[in-house]
Protein chains: 2
Amino acid sequence: MKKLIIKKDKTIRQKVYHHIREEILKGTIAPKDRLIEAKIAEEIGTSRTPVREALHNLELEKLVISIPRVGYVVRGMDMEEVEQICEIRAAIEGLAIEWAVRKQRDRLIQSLKRNIANQKKHITKGNLNGYVEFDAQFHDIIARLAGSERLLELTQTLRRHMLRYRIQCIYMTETAERSLHGHERIVDAIEKGDFVEVAVAVKTHLIQARDDILYYVFRDADDNKA
Amino acid sequence: MKKLIIKKDKTIRQKVYHHIREEILKGTIAPKDRLIEAKIAEEIGTSRTPVREALHNLELEKLVISIPRVGYVVRGMDMEEVEQICEIRAAIEGLAIEWAVRKQRDRLIQSLKRNIANQKKHITKGNLNGYVEFDAQFHDIIARLAGSERLLELTQTLRRHMLRYRIQCIYMTETAERSLHGHERIVDAIEKGDFVEVAVAVKTHLIQARDDILYYVFRDADDNKA
DNA sequence: GCCTAGGGTACAGTATACAAAATAATGAAA
DNA sequence: TTTCATTATTTTGTATACTGTACCCTAGGC
């Protein structure tokens, strides 16, 4: 009878959803692992119903694959998909910056600079764990200030998918430093007001992230397919 | 005991899902309408379970809003959201064209030209009903040839959301003609191999669609909010 | 030895019963 | 008449029992 992590969710379904999602993203449950309603239900001490519904949500989010009357399997991604997500993210986050600048330029720049200061602090202290937080926050600030719930969720979902693999290399100082530098370039471009430069900076940053993933994660194995 | 439309779906859940989705998109069920598990279940002669799960899917797709222990409501969109979706679509479909061109340029152009020929045929015959089909197909061809399941679904979802409102004005000859012209411009740009021109054409096309919706649908009322 | 058929198992899919919560309705007191 | 508390009602959330299907494995024929 395992304890669930997240408390604020109202329904069991949501708790289970976040719980399993976290386990998949952290890698506690690996791609190709099978998820069985009844087993999970027993593990966390509930009935099949909420588990089942949580799994359906995860399926829609493309974190698990459901084969009717057979079972659920944790989904994995191959290199190609990582590349695709990177490009999609670049396009969408570019858009997000445009919107955010148009709506609240000053606040955006201010928030991002404060965030970058924090990123630096944690890197120099060697606290990569803390850095990852602010890395995520950087992109979140942009998406939030863009002022579109839809865009926000879209970016978050895509970012989550990447983080799942990125988490395996973001804890290296060099990777983190490259990432920080990418963020700085983006902010510079925003401050200059040069949208083309922003687009390039965003794309470069994400290509960097992609390459890190491809190098560190997919170096040898491509048994991650699903 | 209403008949369900789609046959190929294996599970009742999927049938119900598509059934309700169609009704929402067609407007048979209007924004703000309440959806009650038990009632729907009775209507289509099944139990609450599959209905419930279908509604959850629709919630994830943002077609309905679910308030725990209170009920489900059909979601509506305001002007702002329509605008946002247009811009997101422009960004993503621009990307889709890039990928499709890179991977199978000739086939893409060929398919699109054939599609446009069909569009023209139906417009000149005044068969706007048929035109709508090929309008959708045009964007589908691009997304499919881009070769990314993820991108495909993304574009389809966003397009569906717009179609929900666009359907109210696409049946006017002028709107359809403007749309056709937009498609032609896109294909021209693709053939020229000018990606900047493509991006502009896509954006223009979608802005056109947006303006049509804003003009014909949101002209007076903004009681569509949800 | 290989292929096929039949039955058993392990799941998810569906139905139904019950619990919990939010809202609406009711009635009494100020 | 208004307001507040209390009760009914409505509707989802959860639990559980049952059904249906895909897969595996074994046995029997070729």
Side-chain angles (χ1 to χ4, degrees), chain A residues 1-21 24 29 31-75 226, chain B residues 1-21 23-24 29-75 226:
Chain A
M1 183 122 144
K2 221 181 289 180
K3 264 279 160 52
L4 296 179
I5 305 162
I6 290 133
K7 299 291 180 189
K8 73 172 177 180
D9 302 304
K10 281 280 161 61
T11 67
I12 300 183
R13 178 173 95 239
Q14 291 169 321
K15 285 186 206 166
V16 177
Y17 167 71
H18 282 121
H19 176 65
I20 302 180
R21 193 179 73 180
I24 293 178
I29 321 180
K32 282 183 188 166
D33 278 1
R34 292 197 59 186
L35 297 172
I36 290 147
E37 290 179 1
K39 256 181 211 155
I40 298 174
E42 202 186 6
E43 269 178 25
I44 62 183
T46 177
S47 80
R48 269 179 59 207
T49 310
V51 174
R52 172 182 180 67
E53 300 185 339
L55 286 173
H56 286 144
N57 285 9
L58 290 168
E59 189 196 357
L60 286 238
E61 203 176 329
K62 297 195 180 305
L63 284 173
V64 315
I65 296 170
S66 139
I67 305 153
R69 295 188 197 275
V70 176
Y72 303 86
V73 188
V74 177
R75 198 169 172 288
Chain B
M1 184 119 142
K2 222 181 291 181
K3 265 279 158 54
L4 295 179
I5 304 162
I6 289 135
K7 299 289 181 190
K8 71 173 179 180
D9 302 304
K10 280 282 161 57
T11 67
I12 301 183
R13 177 173 97 238
Q14 291 170 320
K15 285 186 207 164
V16 177
Y17 166 72
H18 282 120
H19 176 65
I20 303 179
R21 192 179 75 181
E23 293 207 311
I24 293 178
I29 322 180
K32 284 183 187 166
D33 278 1
R34 291 195 61 185
L35 297 172
I36 288 145
E37 291 178 2
K39 255 180 212 155
I40 298 173
E42 202 186 6
E43 270 179 23
I44 62 183
T46 178
S47 81
R48 268 181 59 208
T49 310
V51 175
R52 173 182 179 67
E53 300 185 337
L55 287 172
H56 286 144
N57 285 8
L58 291 167
E59 188 197 357
L60 283 247
E61 203 176 328
K62 297 196 180 304
L63 285 174
V64 315
I65 297 170
S66 138
I67 306 154
R69 294 187 200 275
V70 176
Y72 303 84
V73 188
V74 177
R75 197 170 173 287

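Sequence lines set the chain letters: A, B, ... in the order given, protein chains first and strands last, and positions in each chain run from 1.
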(message) I'd like to compare against my own output: the B/S/- annotation of nucleotides 7-12 of chain C with a strict under-4.0 Å heavy-atom distance to protein.
(response) ----BB
(message) Can you confirm whether the side chains of A/Tyr17 and A/Glu53 place a donor and an acceptor under 3.5 Å from each other?
(response)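 The answer is no; no qualifying pair exists.
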In this structure, how many angstroms lie between the [atom2] atom of [N] and the [atom1] atom of [X], rounded?
| X | N | atom1 | atom2 | result |
| --- | --- | --- | --- | --- |
| A/Tyr17 | D/dT14 | OH | C1' | 20 Å |
| B/Gln14 | C/dT14 | CD | P | 8 Å |
| B/Glu53 | C/dA15 | CD | P | 11 Å |

(message) For the CD1 atom of B/Ile20 and the CG atom of B/Asn57, what is their distance to the nearest 0.5 Å?
(response)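 It is 10.0 Å, given to the nearest 0.5 Å.
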(request) State the CG-CD distance between B/Leu60 and A/Glu59, to the nearest 0.5 angstrom. (result)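 Taking CG in B/Leu60 and CD in A/Glu59, the distance rounds to 10.5 Å.
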(message) Can you confirm whether B/His56 sits close enough to A/Arg13 that some side-chain heavy atom of one is under 4.5 Å from a side-chain heavy atom of the other?
(response)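 Side-chain contact under 4.5 Å: yes.
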(message) Between A/Thr46 and D/dA15, is there a contact of a side-chain N or O with OP1 or OP2 at under 4.0 Å?
(response)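 Looking at the OP1 and OP2 atoms of D/dA15, one of them is under 4.0 Å from a side-chain N or O of A/Thr46.
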(request) For D/dA15, take OP1 and OP2 only and decide whether either is under 4.0 Å from a side-chain N or O of A/Ser47. (result)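 It does, given that an N or O in the side chain of A/Ser47 lies less than 4.0 Å from OP1 or OP2 of D/dA15.
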(request) For B/Lys39, check salt bridge (Lys or Arg N to Asp or Glu O under 4.0 Å) against everything at least two apart and list the hits. (result)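 Not a single residue meets the salt bridge (Lys or Arg N to Asp or Glu O under 4.0 Å) criterion with B/Lys39.
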(request) Please assess B/Ile44 against B/Val51 for the test side chain to side chain contact (heavy atoms under 4.5 Å, CB included), listing each intermediate value before the final yes or no. (result) CA-CA 9 Å; B/Ile44 62 183; B/Val51 175; 4.2 Å; yes
